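First the structure, in the form of structure tokens, and then the observations on it.
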Amino acid sequence: MSNRQANTEASKREADSKPESSDFIREIISKDLQQGMDEGKIVTRFPPEPNGYLHIGHAKSICLNFGISEENTGAVCHLRFDDTNPAKEETEYVDSIKEDVKWLGFEFGEKEFYASDYFDRLHEYAVQLIRDGKAFVCDLTKAEIAEYRGTPTVPGKNSPNRERSVEENLTLFDKMKNGEFADGEKTLRAKIDMSSPNMHMRDPAIYRIRKTLHHRTGDKWVIYPMYDFTHCLSDAIEGITHSLCTLEFEVHRPLYDWVLDHLSTPSRPRQIEFARLNLSYTALSKRKLLQLVENGDVSGWNDPRMPTLSGLRRRGYTPESIRKFCTQIGVTKFNSVTDLARLEHSLREDLNKSAHRVMAVLKPVKLILTNYPEDQVEEMEAVNNPEDPDAGTRLLPFSRELFIERDDFMEDPPKKFFRLAPGREVRLRYGYIIQCNAVVKNPDTGEIEELHCTYDPETKSGSGKPTRKVKGTIHWVSVQHSIPAEVRLYDRLFTKENPTDEKDGTVFTEHLNSDSLAILSKCRIEPSMKGALPGARFQFERIGYFCVDSIDSTPDQLVINRTVTLRDAWAKRKR
RNA sequence: AGUCCGGUGGUGUAAUGGUAGCACAAGGCCCUUUGGAGGCUUUAGUCAAGGUUCAAAUCCUUGCCGGACUACCA
């Protein structure tokens, strides 16, 4: 026994003293460091396209990139907006992305960059490629290019314009730049290999014409560089050492390398791919999330059911819990689906330590203590957070008429029901032991309207008197002292574990959970919640973690969101 | 179909030729004035078949399964 104890103690200590969790990317980096790469100055980057809101999947990338910069002395992580497609990108998204990264707890400071800041240099690089005979202006239409490209099994055909002279290409590219052609009329293409088994190497477009206002460069440009051309060069310009991206870019890596191999750049970054995050019962693609917003399936990008960082924030998630989650799930190269329960676990773990406990009754039923003096009010001392002695205590008003949870009473209870029932005793949390004597029902509806109980004055909480044990403890609020609130119970947005798997012929919106939101408007909360600030988080004892809604709550009408339920052994038993 | 990348308990991961371990989930027990928290505990895994080796999750071969790729998106 003592031996085993010693063992677990030892292993705990070992776990504590280990650095940060490692993964194949961090191992590559520490190897590079050992070999003296860049005098130990690691530079990573988080490169969002400002065309939507960040979600929990991006958090994985943010934690990886910024995490690595925090773990290595002298290292930095850049925030770089990949804004090369003016048709889709907006300043609104830039602002939300910056806010979300900061909220997660990461500092980019001055390292805020935009691919659009490099448009001049990128243009020069393109001209250089033309001069070197490595790029040409192509007249083919979009459809023709697709046709000429072939398929993975059939090699493509060369564009008829592939052998244009350098001079002609230069002139044509200049005319593209000067707006002399319409959108789609011409493209600049890299001259690589139309028979490559890698489709991305079949003379990919690197510049296209888009006569659209750009959110930062306005009307300065009518030609815009493509991702594959932009990303590697932006990395090289910024001195990124390790360019970390998701698995779907693996096939782009030969092109990433090709561009850098054929141009003289200030540095030579390296792309490494890892698996993106998938979460059960969740959709994680900007396109699909956009669809939910536009369909009105949710109230917006920050709907508390959305997996966006703004949604999770409004729901009551803490940045710490998300960061913890991201380090716990690890980084690998294989596709996987992470159990939503994991995210919820790290949330509860964090909130359990930090959230103040409060008594709230969501579905009230009146309970009258028939032997308690009419006008008497007692102040019961309640612990704010049993996990944190420094959180102190507060006083709860206790009186003859109380509200308790409708679910905490059953007329005809099963054996393992530890709560109130006719003739049964329970303890009122921080109060007395009571016994139920009578049930008053509405004669028309049969609905329970009042429970008449008696209390035992000898059993007051904290009185130190020896008292009998009762199996159940329930929460309550005083009718006259409690304050009203609207409580919004949120649940998972989808009923299907992998809603975006559409191989079975279904569309992800078919799996929307019709019970993902339930609004309770007659809730009663203990008076200490008066004046609670938007965003404030609490644990409602025995129910779950909640927060004051940051948008809809007002001092007069509290609106409270359920962040996550408590683990519930009783609910499990019922299943 | 071709190319590339991957396959470790139900789930997420570790073991870098040398004892298959951790976490989540699920079950049980203890404790408890939150059916919370905490403590203890059980179940359960190397895709398959060959080969190399004293020794294979790890290296090799073949097969099977999964993913990515066929935007002037990123």
Side-chain angles (χ1 to χ4, degrees), chain A residues 4 8 11 15 21-24 27 47-49 51 82-85 87-89 138 140-142 145-146 149-154 156 183-189 196-200 202 204-210 223-224 226-228 230-231 245-254 273 275 280 286-287 328-346 348-349 352-353 357 359 383 386-387 416-419 426-431 433 459 461-462 467 469-475 539-544 565-573:
Chain A
R4 186 185 297 161
T8 56
S11 65
S21 65
S22 192
D23 53 66
F24 78 98
E27 273 169 31
E49 183 190 12
N51 68 343
D82 230 331
D83 54 351
T84 58
N85 185 358
K88 290 184 176 177
E89 295 149 7
C138 183
L140 259 27
T141 64
K142 198 172 187 171
I145 287 182
R149 186 164 31 231
T151 70
T153 46
V154 179
D183 279 17
E185 203 177 330
K186 296 209 181 325
T187 54
L188 182 70
R189 295 224 259 159
S196 168
N198 184 336
M199 302 291 285
H200 298 280
R202 320 245 263 226
I206 57 177
Y207 260 93
R208 81 294 214 182
I209 302 168
R210 275 269 189 293
I223 55 170
Y224 291 93
M226 302 285 293
Y227 166 84
D228 286 303
T230 308
H231 204 92
C245 62
T246 45
L247 247 28
E248 65 267 30
F249 291 99
E250 209 159 15
V251 271
H252 295 242
R253 180 155 28 101
E273 311 84 14
S280 59
K286 280 190 199 169
R287 210 198 88 237
Q328 282 173 346
I329 56 174
V331 181
T332 65
K333 286 192 72 130
F334 39 87
N335 304 296
S336 58
V337 180
T338 298
D339 197 337
L340 183 60
R342 260 198 120 80
L343 214 210
E344 294 182 340
H345 175 261
S346 59
R348 291 192 184 102
E349 199 176 35
N352 176 46
K353 292 192 188 100
R357 298 324 90 134
M359 298 247 263
V383 172
E387 304 291 322
K416 293 284 188 175
F417 187 77
F418 300 151
R419 310 173 190 180
V426 292
R427 172 170 287 282
L428 293 175
R429 178 88 159 141
Y430 299 121
I433 291 175
T459 58
S461 183
T467 122
K469 295 261 180 199
V470 287
K471 193 67 184 163
T473 298
I474 64 174
H475 59 276
Q539 182 198 101
F540 287 171
E541 291 219 26
R542 303 209 307 130
I543 305 176
T565 60
L566 246 30
R567 283 181 66 227
D568 188 346
W570 170 244
K572 270 181 205 161
R573 181 177 284 278

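Note: hydrogens, waters and symmetry copies are ignored here, and every other heavy atom, side chains too, is used. The structure displayed is predicted, hence computed values, not measured ones. In what follows, every chain begins at residue 1, and chains take the letters A, B, ... in the order their sequences are listed.
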A:Arg149 side chain near B:A71 phosphate (N/O to OP1/OP2, under 4.0 Å): yes
Find the distance between CZ (A:Arg573) and NZ (A:Lys416) and round it off to the nearest 0.5 Å. 5.0 Å
Closest to the A:Arg342 side chain: B:U13, B:A23, B:A25? B:A23
Could you tell me whether A:His252 contacts a base, only the sugar-phosphate backbone, or nothing, with contacts defined as non-hydrogen atoms closer than 4.0 Å? base
Any base atoms under 4.0 Å from A:Arg202, or only sugar-phosphate, or nothing? Heavy atoms, all strands. nothing
Applying a 4.0 Å non-hydrogen cut-off, can you work out what A:Thr332 is touching in the nucleic acid: base, sugar-phosphate, or nothing? sugar-phosphate
Please determine whether a side-chain nitrogen or oxygen atom of A:Lys469 lies at a distance below 4.0 Å from atom OP1 or OP2 of B:U33. yes
Could you check how far CD of A:Glu541 sits from C1' of B:U33, rounded to whole Å? 9 Å
NA contact type, A:Lys572, heavy-atom cut-off 4.0 Å: base, sugar-phosphate, or nothing? sugar-phosphate
Whether the side chain of A:Arg202 engages the backbone of A:Arg149 through a donor-acceptor N/O pair (distance < 3.5 Å, no angle test) should be reported. yes
Go through B:C73, B:U11, B:G2 for me and flag the one nearest to the A:Asp339 side chain. B:U11
Record whether the side chain of A:Gln328 comes under 3.5 Å of the base of B:U13 through a donor-acceptor pair of N or O atoms. no
Candidate nucleotides B:U34, B:G6, B:A74, ranked by approach to the side chain of A:Lys333 - the nearest: B:G6
How long is the straight-line distance from NE2 of A:His252 back to CG of A:Asp228, given to the nearest 0.5 Å? 5.5 Å
Looking for any heavy atom pair under 4.0 Å, which part of the strands does A:Phe417 touch: base, sugar-phosphate only, or nothing? base
Residue A:Ser336, side-chain atoms from C-beta onward, closest of B:G35, B:C73, B:G12: B:G12
Could you tell me whether the phosphate oxygens of B:G35, OP1 or OP2, come under 4.0 Å of any side-chain nitrogen or oxygen in A:Arg542? yes
Please determine if a side-chain N or O atom of A:Arg253 lies less than 4.0 Å away from the OP1 or OP2 oxygen of B:C4. no
Within the 4.0 Å heavy-atom criterion, would you say A:Gly150 contacts the bases, only the backbone, or no part of the nucleic acid? sugar-phosphate
Taking the side chain of A:His200 as its heavy atoms from C-beta onward, which of B:G12, B:G35, B:C69 lies nearest to it? B:C69
Return the value, rounded to whole Å, for the distance between atom CZ of A:Arg348 and atom C1' of B:G38. 16 Å
Considering every strand and a 4.0 Å limit on heavy-atom distances, what is the contact class for A:Glu387: base, sugar-phosphate, or nothing? base
In whole Å, I'd like the distance from the CD1 atom of A:Ile209 to the P atom of B:C73. 12 Å
Remember a base hit wins even if backbone is also touched, and classify A:Glu273 as base, sugar-phosphate or nothing at under 4.0 Å, heavy atoms. nothing
Distance check: side-chain N/O of A:Arg208 vs OP1/OP2 of B:C73, anything under 4.0 Å? yes
Answer with base, sugar-phosphate or nothing: what part of the nucleic acid does A:Pro386 contact at a heavy-atom distance below 4.0 Å? base
Nucleotide nearest A:Glu49 (side chain, heavy atoms from C-beta), chosen from B:U34, B:U3, B:A74: B:A74
Between the base of B:G6 and the ring of A:Phe334 - centre-to-centre under 5.5 Å, planes within under 30° - is that a stack? no
Any side-chain donor paired with an acceptor under 3.5 Å for A:Asp82 and A:His231? yes
Side-chain N or O of A:His345 less than 4.0 angstrom from OP1 or OP2 on B:C24? yes
Checking only heavy atoms, does the side chain of A:Arg567 share a donor-acceptor pair with the base of B:G35 at less than 3.5 Å? no
Could you tell me whether a side-chain N or O of A:Thr187 sits under 3.5 Å from a main-chain N or O of A:Arg208, the two making a donor and an acceptor? no
Counting only side-chain N and O atoms of A:Thr84, is one of them less than 4.0 Å from OP1 or OP2 of B:A74? yes
Compare side-chain N and O positions of A:Thr141 against OP1 and OP2 of B:C72 and report whether any pair is under 4.0 Å apart. no
If you only use heavy atoms from C-beta on, which nucleotide in B:G35, B:A68, B:C73 is closest to the side chain of A:Val251? B:A68
Classify A:Ile329 by what it touches in the nucleic acid, base, sugar-phosphate, or nothing, heavy-atom distance under 4.0 Å. sugar-phosphate
Would you indicate which nucleotide in B:G12, B:A74, B:C24 comes nearest to any side-chain atom of A:Ala341? B:C24
Base, sugar-phosphate, or nothing: which does A:Tyr224 touch, judged by heavy atoms less than 4.0 Å apart? nothing
Using a 4.0 Å heavy-atom cut-off across all strands, classify A:Leu340 as base, sugar-phosphate, or nothing. nothing
Is the glycosidic torsion of B:A71 within 90° of 0, making it syn, or is it anti? syn
Indicate yes or no for a side-chain donor-acceptor contact from A:Tyr227 to the backbone of A:Thr84 under 3.5 Å, with no hydrogens or angles considered. no
Length of the line joining A:Asp23:CG and B:C22:C1', which is rounded to integer Å: 16 Å
Should A:Lys286 and A:Glu49 count as an ion pair when the cut-off is N to O under 4.0 Å? no
Contact class for A:Thr187 vs. all strands (heavy atom < 4.0 Å): base, sugar-phosphate, or nothing? base
Rounded distance (nearest 0.5 Å) linking atom OG1 of A:Thr338 with atom CD1 of A:Ile329: 5.0 Å
When all nucleic acid strands are considered with a 4.0 Å heavy-atom cut-off, which category describes A:Lys416: base, sugar-phosphate, or nothing? base
